[in-house]
Amino acid sequence: MDYNHRSIEQKWQKFWADNQTFKTSESTAKPKYYVLDMFPYPSGSGLHVGHPLGYIASDIFSRYKRLKGFNVLHPMGYDSFGLPAEQYAIQTGQHPAITTEANIKRYREQLDNIGFSFDWSREVRTSNPSYYKWTQWIFMKLFDAWYNKETDQAEPINTLIQRFESTGTIGVNAVSDEDVAVFTAEEWKTYDEEDQQRELLKYRLAYLRESTVNWCAALGTVLANDEVINGVSERGGYPVEQKKMMQWSMRITAYADRLLRGLDAVDWPEPLVEMQRNWIGKSVGASVKFPVPQLDTTIDVFTTRVDTIFGVSFVVLAPEHELVKALTTNSQYSEVEKYIEITSKKSELDRMADTKTVSGAFTGSYAKHPLTGEDVPIWIADYVLAGYGTGAVMAVPSGDQRDYLFAKHFNLPIIPISDSQNLEEAADPNKDGRYINSDFINSMTYDEAVPALIERLEELGLGKAKVNFRMRDAIFGRQRYWGEPVPVYFKNGLPYLIKEEELPLLLPEVDKYLPTETGEPPLGRAEGWKYQNEYEYELSTMPGWAGSSWYWMRYMDPHNNEAFASKEAMDYWKSVDLYIGGSEHATGHLLYSRFWNKFLKDLGYHNEEEPFKKLINQGMIQGRSNFVYRLLDEEGKGTNTFVSLGLKDQYNTIPLHVDVNIVHNDILDLEKFKNFRPDFAEAEFILENGKYICGTEVEKMSKSKFNVVNPDDVVEKYGADTLRLYEMFLGPLEQAKPWNTNGIDGVYKFLRKLWRLFHDAEGNFHVSDEDPSKAEYKALHKIIKKVEEDIERFSFNTSVSAFMICVNELTDLKCNKRKVLQDLIIVLEPYAPHITEELWTLLGNEPGTISYAAYPAFNPDYLVESEFAYPVSVNGKMKMNLPLALELDQKAVEETVLANVDVQRYLDGKPVKKVVFVKGKIINIVV
RNA sequence: GCUCGGAUGGUGGAACUGGUAGACACGCGGGACUUAAAAUCCCGUGACCCCUAAAGGUCGUGCGGGUUCGAUUCCCGCUCCGAGUACCA
């Protein structure tokens with residue numbers, strides 16, 4: 001019997017499930033290794049062929065690590081709260097839990113088909129109350145915590161209250177809202193309960209505050225910054241506007257510096273690290289105050305170029321800046337008013353698109369230059385963003401291009417400040433020269449000027465060195481149903497936590513999944529849903545990223561009811577050693593997870609500063625669409641005749657997407673095509689060489705383009721082992737690539753060849769107990785060495801090629817030796833677990849034990865070259881085979897070379913100038 | 001605009017610290033087996049020249065330079081493609 005992937009794979013998948021072969025425990029002397037996949041959101045359309053790419057890679061690595069003697073944690077679960085199930089619920093009325101459950105079932109079947117070695121006993125689902133109980137619990141800890149800048153870590157809020165009670169705000173160095181009060185201990189004690197709570201809210205790491213949020217009307221909810229891409233929502237692409245609302249936020253900015261520093265300690269792809277750095281956006285500079293005597297206040301600006309301060313010729317405020325109203329003089333009132341109105345009408349998108357037009361308005365007021373005391377005009381302009389820094393800038397036209405254009409447009413002075421500046425056409429921000437027109441820093445260099453200026457500004461109390469971050473606090477509430485309820489109730493408008501023992505706060509039933517008539521979130525519809533039948537619960541739910549920001553810790557101890565994970569489990573598994581997933585989570589999930597991880601560490605729940613030590617981004621698998629070309633008649637209407645790709649230019653045709661599943665190697669299956677759509681039943685074809693060749697294009701994989709390939713279909717036709725090998729064979733893991741099955745036959749052929757090598761014509765398993773020959777050992781040890789090297793550097797595609805070479809060599813040698821097969825099975829098992837498991841038991845081994853076999857040791861002796869001849873170039877160009885022993889000195893080489901007839905053809909009797917040795921071999925001869 | 005990737009045959013891709021470029025696979029061409037097909041196996045396959053016998057030669061990793069005995073690999077300058085980000089002061 002030939003290689004029958006269906007029966008083999010079903011048999012072993014059932015065996016692994018029945019015997020819990022991959023169940024992991026902590027009680028072992030083996031070293032641990034934690035391999036994690038980004039868990040999927042179970043969508044209604046199931047897995048397509050792109051999804052398993054990363055899972056296959058992680059599974060190969062997990063199986064390899066097990067063979068190498070590690071106790072491997074390799075779990076899987078579902079990020080099962082999310083928008084699509086809720087949108088579906090709105091349309092159909094079906095509870096999202098039911099939809100989600102059905103989708104998970106389908107996902108599980110599809111995953112099982114591929115033969116992953118997940119420990120399913122540790123499965124988590126973020127929408128399970130037993131899971132979100134702990135998401136809510138972590139929220140409570142965040143609510144009950146503040147960030148102490150002295151110790152550079154989060155602490156329970158009690159320690160802050162104690163300090164307020166003993167010394168007030170004196171000496172408290174905390175991350176907080178800007179508008180915190182300054183008080184003594186006595187004053188604190190005179191505050192009533194509500195005032196105290198109101199004040200504490202400004203310090204809590206999970207806090208409620210009126211803030212400007214990204215409001216997406218179409219989705220009926222607010223979105224975090226990372227969920228807004230180019231001014232539209234990441235999901236659905238709906239417009240997003242800025243709106244002021246009372247909102248839950250997470251004080252992630254408290255961790256900005258630690259999140260930045262931690263990036264040096266992780267082994268992540270450089271582009272991803274770069275994305276997080278940019279997102280955090282640390283700028284080192286100074287804050288400078290420009291006094292405004294008539295209002296008895298100052299305009300605070302942030303600058304990274306305090307050295308250019310003597311080049312300031314005006315100050316610009318964002319149109320939304322709070323001082324704009326007060327600063328506008330009567331004569332400028334209408335102009336400013338008009339400008340504000342125009343800019344406020346511009347959407348985020350317009351404002352981003354239109355960066356060339358210079359616009360602004362003069363307020364009519366002047367500020368004092370902090371060092372020269374001169375009057376500096378105050379303008380407003382929309383190129384200054386209210387949300388970054390202080391919403392005001394000092395404008396230096398000679399050093400900043402935007403200021404330069406603004407100055408040119410409005411005829412404001414451009415003051416050169418350095419002897420190296422060239423200001424004829426543009427601003428010149430170089431730091432190379434020495435300063436001019438700059439008072440006491442004249443003739444200084446950049447490095448001398450900055451400290452001198454900071455010192456002077458500090459003396460005057462008008463400025464100081466400052467670090468600014470681009471990252472904002474993360475909006476945490478969503479006006480949605482299908483998410484974790486926030487475990488908070490309101491008393492006199494102030495938020496209070498429910499008691500820990502009242503967790504989980506279950507998601508209540510509602511009649512519809514839409515906002516209430518009064519515009520409240522869907523939870524407002526839940527009847528009688530009140531804390532102690534009296535107090536209103538928080539009606540928004542947590543965002544999608546809440547449940548995914550700690551799930552890797554739950555896998556360590558998934559059934560614990562006393563803690564999110566026991567200390568023992570966390571001490572054992574520590575952090576994730578290898579994390580594989582897409583780069584689209586760079587500024588979302590991966591940042592939030594690091595934040596929560598650091599927070600939980602601060603409170604002493606575990607000891608790991610970073611959650612994911614090594615991370616690999618698998619590339620996206622794109623769709624590869626196929627096209628047929630429909631012949632058009634004279635009126636330009638589609639006929640029922642289709643022209644093959646090579647001939648289409650001779651006719652008038654239009655391309656049509658055709659289902660990739662009825663095309664093989666770009667050749668259309670004509671019968672299946674006739675069944676593809678009813679109107680194609682009578683289709684006729686203009687063929688080339690008797691075949692219909694389809695056109696192709698790489699596009700996103702989507703239903704509408706008929707280019708979605710379901711892994712189940714591939715498994716059915718070729719088997720899971722072929723799918724696994726082929727997805728790896730397709731190219732480097734990290735590279736984006738289109739899915740095509742053009743080469744899958746080659747991989748399938750390899751498995752059949754392997755199978756046949758150890759089966760006779762009747763299909764009986766047959767091995768020889770003879771000792772392998774030198775050549776057979778060489779073939780075997782080449783693959784042992786190669787696969788180990790490849791897996792360690794995540795180069796899975798080259799391993800697949802190496803396996804093919806190995807089996808070809810063994811086939812040529814007619815090698816069916818037991819000793820060869822035994823080791824080959826172990827090396828191949830991570831890639832093709834089913835066929836290897838079958839052969840393993842045919843060899844007489846206990847089923848399900850390959851994972852616990854020892855990885856075969858590579859023996860370099862088998863790879864020693866026996867031939868003496870090896871290629872040598874002359875003058876780096878010509879090549880010849882030089883039969884030489886190793887370790888000759890130059891003179892001996894020269895003599896040997898001169899005596900060699902083969903060499904003489906090239907050398908033409910010329911003397912040897914130089915001989916280049918590499919690793920004891922002659923590589924090149926210079927004459 | 002800025003940041004980071006990438007460019008190798010008809011195709012996907014190999015070449016790990018500079019050392020026989022094109023491994024492996026697909027596709028294509030030819031052949032064997034077969035009544036035939038499928039399956040399987042064998043040979044050829046970067047371009048060009050010469051030969052049409054063994055063999056041999058020239059060019060060739062996006063473009064132009066450089067370093068080196070030797071460059072797909074390192075350096076400088078460009079072109080094109082992809083990703084991220086975007087008035088961040």
Side-chain angles (χ1 to χ4, degrees), chain A residues 2 229-230 269-275 277-279 281-283 285 301-305 308 316 318 351-358 381-385 387-396 399-403 405-406 429 468-471 583-584 586-587 617 619-620 624 665-667 696 726 729-732 734-738 740-747 749-750 752-753 756 786 789-790 792-793 795 797-806 808 811 870-881 905 913-919 921-927:
Chain A
D2 211 2
I229 313 281
N230 289 332
E270 196 47 44
L272 200 114
V273 169
E274 207 50 38
M275 263 192 254
R277 279 207 188 102
N278 291 339
W279 188 261
K282 181 176 181 170
S283 313
V301 303
F302 174 73
T303 177
T304 53
R305 288 297 300 275
T308 63
V316 192
R351 220 163 135 165
M352 274 195 277
D354 182 22
T355 59
K356 289 202 180 78
T357 330
V358 177
D382 65 0
Y383 80 85
V384 175
L385 304 175
Y388 182 75
T390 57
V393 301
M394 60 179 221
V396 183
D400 183 285
Q401 184 59 19
R402 291 155 307 174
D403 298 344
L405 290 173
F406 197 84
N468 205 34
F469 290 95
R470 199 191 80 118
M471 185 168 65
S583 59
E584 66 272 19
T587 51
N617 291 129
M620 213 213 307
R624 185 173 181 279
N665 283 349
D666 295 336
I667 298 163
T696 64
Y726 186 60
F729 181 71
L730 220 42
E734 305 191 57
Q735 187 180 303
K737 51 207 165 248
N740 76 80
T741 50
N742 287 356
I744 199 165
D745 284 330
V747 173
K749 237 183 257 181
F750 151 73
R752 285 202 310 238
K753 243 174 153 169
R756 275 205 306 271
K786 173 79 178 150
E789 284 170 0
D790 283 350
E792 294 285 353
R793 66 192 172 104
S795 173
N797 55 328
T798 50
S799 283
V800 180
S801 294
F803 281 123
M804 292 180 186
I805 295 170
C806 178
N808 282 342
T811 304
Y870 58 89
V872 173
S873 62
V874 177
N875 287 345
K877 259 187 152 187
M878 290 163 282
K879 297 145 209 162
M880 58 191 171
N881 285 325
R905 290 171 59 186
K913 278 190 202 153
K914 188 180 170 189
V915 178
V916 183
F917 288 88
V918 172
K919 288 176 193 164
K921 277 185 179 182
I922 299 169
I923 290 295
N924 190 33
I925 296 167
V926 187
V927 296

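Since the model is a prediction, treat every value here as computed from it, not as a measurement. Just so it is clear: chains get the letters A, B, ... in the order the sequence lines come, proteins before strands, and each one is counted from 1.
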When you compare [N] with [M], how far apart are their [atom1] atoms, in angstrom units rounded to a whole number?
{"N": "B/G10", "M": "B/G66", "atom1": "P", "answer": "28 Å"}
{"N": "B/A53", "M": "B/U58", "atom1": "C1'", "answer": "22 Å"}
{"N": "B/U73", "M": "B/A7", "atom1": "C1'", "answer": "14 Å"}
{"N": "B/C50", "M": "B/G56", "atom1": "C1'", "answer": "8 Å"}
{"N": "B/C87", "M": "B/G77", "atom1": "C1'", "answer": "30 Å"}
{"N": "B/C59", "M": "B/G22", "atom1": "C1'", "answer": "15 Å"}
{"N": "B/G19", "M": "B/A15", "atom1": "C1'", "answer": "11 Å"}
{"N": "B/C2", "M": "B/U61", "atom1": "P", "answer": "29 Å"}

* Criterion side-chain contact (heavy atoms from CB on, under 4.5 Å) on A/Met394 and A/Val316, from CA distance to verdict -> CA-CA 6 Å; A/Met394 60 179 221; A/Val316 192; over 6 Å; no
What I'd like to find out is whether the side chain of [X] reaches to under 4.5 Å of the side chain of [Y], using heavy atoms alone.
{"X": "A/Asn797", "Y": "A/Leu730", "value": "no"}
{"X": "A/Lys753", "Y": "A/Asn808", "value": "yes"}
{"X": "A/Ser283", "Y": "A/Phe302", "value": "yes"}
{"X": "A/Thr811", "Y": "A/Arg756", "value": "no"}
{"X": "A/Phe803", "Y": "A/Lys786", "value": "no"}
{"X": "A/Val396", "Y": "A/Arg305", "value": "no"}

* Asked: A/Lys749 side chain to A/Ile744 main-chain N or O, any donor-acceptor pair under 3.5 Å?
  -> no
* For the pair A/Asp790 (side chain) and A/Ser799 (backbone), establish whether a donor and an acceptor sit closer than 3.5 Å, ignoring hydrogens and angles. => yes
Tell me: [atom1] of [X] to [atom2] of [N], nearest whole Å?
{"X": "A/Asn278", "N": "B/C87", "atom1": "CG", "atom2": "P", "answer": "13 Å"}
{"X": "A/Phe302", "N": "B/C88", "atom1": "CZ", "atom2": "C1'", "answer": "9 Å"}
{"X": "A/Glu789", "N": "B/A15", "atom1": "CD", "atom2": "C1'", "answer": "14 Å"}
{"X": "A/Ile805", "N": "B/A15", "atom1": "CD1", "atom2": "C1'", "answer": "12 Å"}
{"X": "A/Asn617", "N": "B/G84", "atom1": "CG", "atom2": "C1'", "answer": "12 Å"}
{"X": "A/Met620", "N": "B/A83", "atom1": "CE", "atom2": "P", "answer": "8 Å"}
{"X": "A/Met275", "N": "B/U3", "atom1": "CE", "atom2": "C1'", "answer": "10 Å"}
{"X": "A/Asp790", "N": "B/C16", "atom1": "CG", "atom2": "C1'", "answer": "9 Å"}

* **Chi-based syn or anti call at B/G9, which uses purine or pyrimidine torsion atoms and a 90° bound** => syn
* To do: Would you please enumerate the stems RNA chain B participates in, each stem being three or more consecutive Watson-Crick or G-U wobble pairs with both distances under 3.5 Å?
  => B:1-7 with B:79-85, B:10-12 with B:24-26, B:27-32 with B:40-45, B:46-49 with B:56-59, B:62-66 with B:74-78
What are the atom names and distances for every N/O pair under 3.5 Å that joins the protein to nucleotides 4-6 of chain B?
none

* What's the closest nucleotide to the A/Thr303 side chain, out of B/C24, B/C41, B/A89? ->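 Comparing B/C24, B/C41, B/A89 against the side chain of A/Thr303, the answer is B/A89.
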* Can you name the residues that form a side-chain hydrogen bond (donor to acceptor under 3.5 Å, both in side chains) with A/Gln401, not counting sequence neighbours? -> none
* Taking side-chain hydrogen bond (donor to acceptor under 3.5 Å, both in side chains) as the test, write out the residues that go with A/Asp403, two or more places apart. =>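 Here the qualifying residues are A/Tyr383.
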* N or O in side chain of A/Arg402 less than 4.0 angstrom from B/A89 OP1/OP2 -> no
* Under 4.0 Å between a side-chain N or O of A/Tyr388 and OP1 or OP2 of B/A89? -> yes
* Can you list the steps and then say if A/Leu272 with A/Asn617 is a side-chain contact (heavy atoms from CB on, under 4.5 Å)? -> CA-CA 9 Å; A/Leu272 200 114; A/Asn617 291 129; 3.2 Å; yes
* To do: Would you classify A/Lys753 as touching base, sugar-phosphate or nothing, given that sugar-phosphate means primed atoms plus P, OP1 and OP2, and contacts are heavy atoms under 4.0 Å?
  =>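 Sugar-phosphate, no base atom in range.
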* When we call it a touch if two heavy atoms are under 4.0 Å apart, what does A/Asn468 touch: a base, just sugar-phosphate, or nothing? -> nothing
Under 3.5 Å, which N/O atoms of the protein pair with N/O atoms of nucleotides 11-14 of chain B?
{"residue": "B/G12", "atom": "O2'", "partner": "A/Leu730", "partner atom": "O", "Å": "2.9"}
{"residue": "B/G13", "atom": "OP1", "partner": "A/Gln735", "partner atom": "NE2", "Å": "2.5"}
{"residue": "B/G13", "atom": "O3'", "partner": "A/Asn797", "partner atom": "ND2", "Å": "3.4"}
{"residue": "B/A14", "atom": "OP1", "partner": "A/Asn797", "partner atom": "ND2", "Å": "2.9"}

* Whichever of A/Asn808 and A/Trp279 has its nearest RNA chain B nucleotide further upstream toward 5' ->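 Here A/Asn808 is the residue nearer the 5' end.
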Which atom names give the shortest non-hydrogen contact between [X] and [Y], and what distance separates them?
{"X": "A/Gly731", "Y": "A/Lys737", "answer": "O-NZ, 3.9 Å"}
{"X": "A/Tyr726", "Y": "A/Asn742", "answer": "OH-N, 3.9 Å"}
{"X": "A/Gly399", "Y": "A/Pro429", "answer": "O-CB, 3.3 Å"}

* Tell me, with the steps shown, if A/Thr798 and A/Ser801 meet side-chain hydrogen bond (donor to acceptor under 3.5 Å, both in side chains). => CA-CA 5 Å; A/Thr798 50; A/Ser801 294; over 6 Å; no
Under 3.5 Å between N/O atoms: give me all the protein pairs with nucleotides 28-32 of chain B, atom names plus distance.
none

